[in-house]
Amino acid sequence: MKDLIESGKAEYDPKNGDLFTPVKELYQAYTRWCEENDKRPEDQASFTKRLETRFRITKDRKKVNDEKIACYVGIRLKEESTGGEITSGDHNNSLLELYKEYQGKIRSRKDLQDELGIKAYELLDWCEKKGLCYWIDEEHVRFN
């Protein structure tokens, strides 16, 4: 999901109830991205759970074309998002700089997201892979 957002193909703000995308449409965009990038997509239930826990995206029924349908709220695909290759640049240097800002600190997932937006999850993924942080509980992480 962060690749869709960082590439400008989706708007993301979990606090904005006016940003929403039909569940089926967002999941199709995700599976299309997985296919194009040789990744195995999660099943829809796991995808939804990850959106809720990692990105604070919620599910609600919204009116689309005079019909109430299930939507993910807090994210909206942009019109021009029709597939295509989505890639992330090499951000190791900027992630290292961010890590240095948080080194030795304990932060909640919410505070990190408020401070860094989507970049918070990129930082957490990077730190976890490098063994530079660990989760104290489901909400708090310690940066070594």
Side-chain angles (χ1 to χ4, degrees), residues 1-64 69-144:
M1 281 317 314
K2 69 180 171 128
D3 291 331
L4 279 174
I5 296 162
E6 288 175 349
S7 68
K9 295 186 185 279
E11 294 176 75
Y12 169 73
D13 181 356
K15 298 175 190 170
N16 186 344
D18 292 331
L19 287 182
F20 59 90
T21 300
V23 167
K24 183 178 180 180
E25 188 178 321
L26 189 63
Y27 187 70
Q28 285 175 344
Y30 162 73
T31 57
R32 188 171 47 244
W33 178 88
C34 288
E35 289 171 11
E36 292 167 357
N37 290 278
D38 295 323
K39 305 272 186 198
R40 183 173 173 212
E42 296 177 290
D43 61 76
Q44 191 165 349
S46 298
F47 175 75
T48 298
K49 182 72 172 165
R50 187 166 50 89
L51 286 177
E52 292 170 345
T53 58
R54 295 195 63 182
F55 294 96
R56 297 189 303 167
I57 299 294
T58 58
K59 250 174 99 173
D60 198 4
R61 296 187 70 72
K62 294 283 190 174
K63 197 170 191 174
V64 178
I69 60 171
C71 292
Y72 292 116
V73 179
I75 191 164
R76 177 173 47 213
L77 290 175
K78 293 186 177 178
E79 294 292 324
E80 65 273 8
S81 181
T82 58
E85 188 173 339
I86 302 166
T87 59
S88 295
D90 180 15
H91 298 294
N92 282 339
N93 287 336
S94 63
L95 291 172
L96 179 59
E97 293 303 314
L98 273 177
Y99 164 72
K100 287 178 181 177
E101 290 179 32
Y102 291 98
Q103 191 172 8
K105 298 179 181 174
I106 297 173
R107 303 299 286 181
S108 74
R109 183 189 318 258
K110 181 186 180 311
D111 288 344
L112 280 173
Q113 185 176 7
D114 289 345
E115 294 164 14
L116 302 174
I118 192 68
K119 193 81 167 170
Y121 297 102
E122 189 175 346
L123 175 64
L124 290 171
D125 287 343
W126 182 81
C127 286
E128 286 181 278
K129 288 176 186 171
K130 301 272 186 192
L132 299 173
C133 64
Y134 65 93
W135 291 95
I136 297 171
D137 56 32
E138 287 188 18
E139 183 61 25
H140 296 87
V141 64
R142 175 186 298 274
F143 292 90
N144 299 332

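Along the sequence shown, residues carry numbers from 1.
Considering every non-hydrogen atom in both Gly131 and Asn144, the closest pair reads O-ND2, 3.2 Å. Minimum interatomic distance between Leu124 and Cys133 (heavy atoms only, all atoms of both residues): O-SG, 4.1 Å. Considering all non-hydrogen atoms of both residues, Ala70 and Arg61 come closest at N-NH1, 3.8 Å. Pairing each heavy atom of Gly17 with each of Val73, the nearest pair is CA-CG1, 3.7 Å. Of all the heavy atoms in Trp126 and Leu96, the pair that sits closest is CH2-CA, 3.8 Å. Looking at every heavy atom in both residues, Leu77 comes nearest to Thr21 through N-OG1, 3.0 Å.
Residues Leu26 and Phe47 are in side-chain contact: their nearest non-hydrogen atoms beyond the backbone lie under 4.5 Å apart. At a threshold of 4.5 Å between non-hydrogen side-chain atoms, the residues Leu112 and Arg109 do not count as touching. Leu123 is listed as a side-chain neighbour of Tyr102, based on a closest heavy-atom distance under 4.5 Å. Contact annotation: the side chain of Asn16 never approaches that of Arg76 to less than 4.5 Å [non-hydrogen atoms, C-beta and beyond]. Using a 4.5 Å cut-off on side-chain heavy atoms (C-beta onward), Phe20 and Asp18 make no contact. Using a 4.5 Å heavy-atom threshold, the side chains of Tyr30 and Glu42 count as touching.
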- Message: Let's go through Asp114 and Lys15 carefully: what are the C-alpha distance in whole Å and the side-chain angles of both, what is the deciding distance for side-chain contact (heavy atoms from CB on, under 4.5 Å) to 0.1 Å, and is it a yes or a no?
- Response: CA-CA 10 Å; Asp114 289 345; Lys15 298 175 190 170; 3.4 Å; yes
- Item | Test log, rule side-chain contact (heavy atoms from CB on, under 4.5 Å), inputs Val23 and Gln44 | CA-CA 9 Å; Val23 167; Gln44 191 165 349; 2.7 Å; yes
- Item | Residue pair Asp137, Trp135: steps toward the side-chain contact (heavy atoms from CB on, under 4.5 Å) verdict | CA-CA 5 Å; Asp137 56 32; Trp135 291 95; 5.7 Å; no
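With sequence neighbours excluded, no residue forms a side-chain hydrogen bond (donor to acceptor under 3.5 Å, both in side chains) with Lys24.
Between Lys110 atom NZ and His140 atom NE2 the span is 11.0 Å, to the nearest 0.5 Å. Once rounded to the nearest 0.5 Å, the distance linking CD1 of Ile106 with CG of Asp111 reads 12.0 Å. Separating the OG1 atom in Thr53 from the CD atom in Glu138 is a distance of 9.0 Å, to the nearest 0.5 Å.
Salt-bridge check for Lys129 with Asp125: failed, with every basic side-chain N at 4.0 Å or more from each acidic carboxylate O. A salt bridge links Lys119 and Glu122; the closest N-O separation between the charged side-chain nitrogens and carboxylate oxygens is under 4.0 Å.
With hydrogens and angles disregarded, no donor-acceptor distance shorter than 3.5 Å links the side chain of Lys62 to the backbone of Leu19.
Defined by atom type and a distance below 3.5 Å, a donor-acceptor pair is present between the side-chain atoms of Thr48 and Tyr72.
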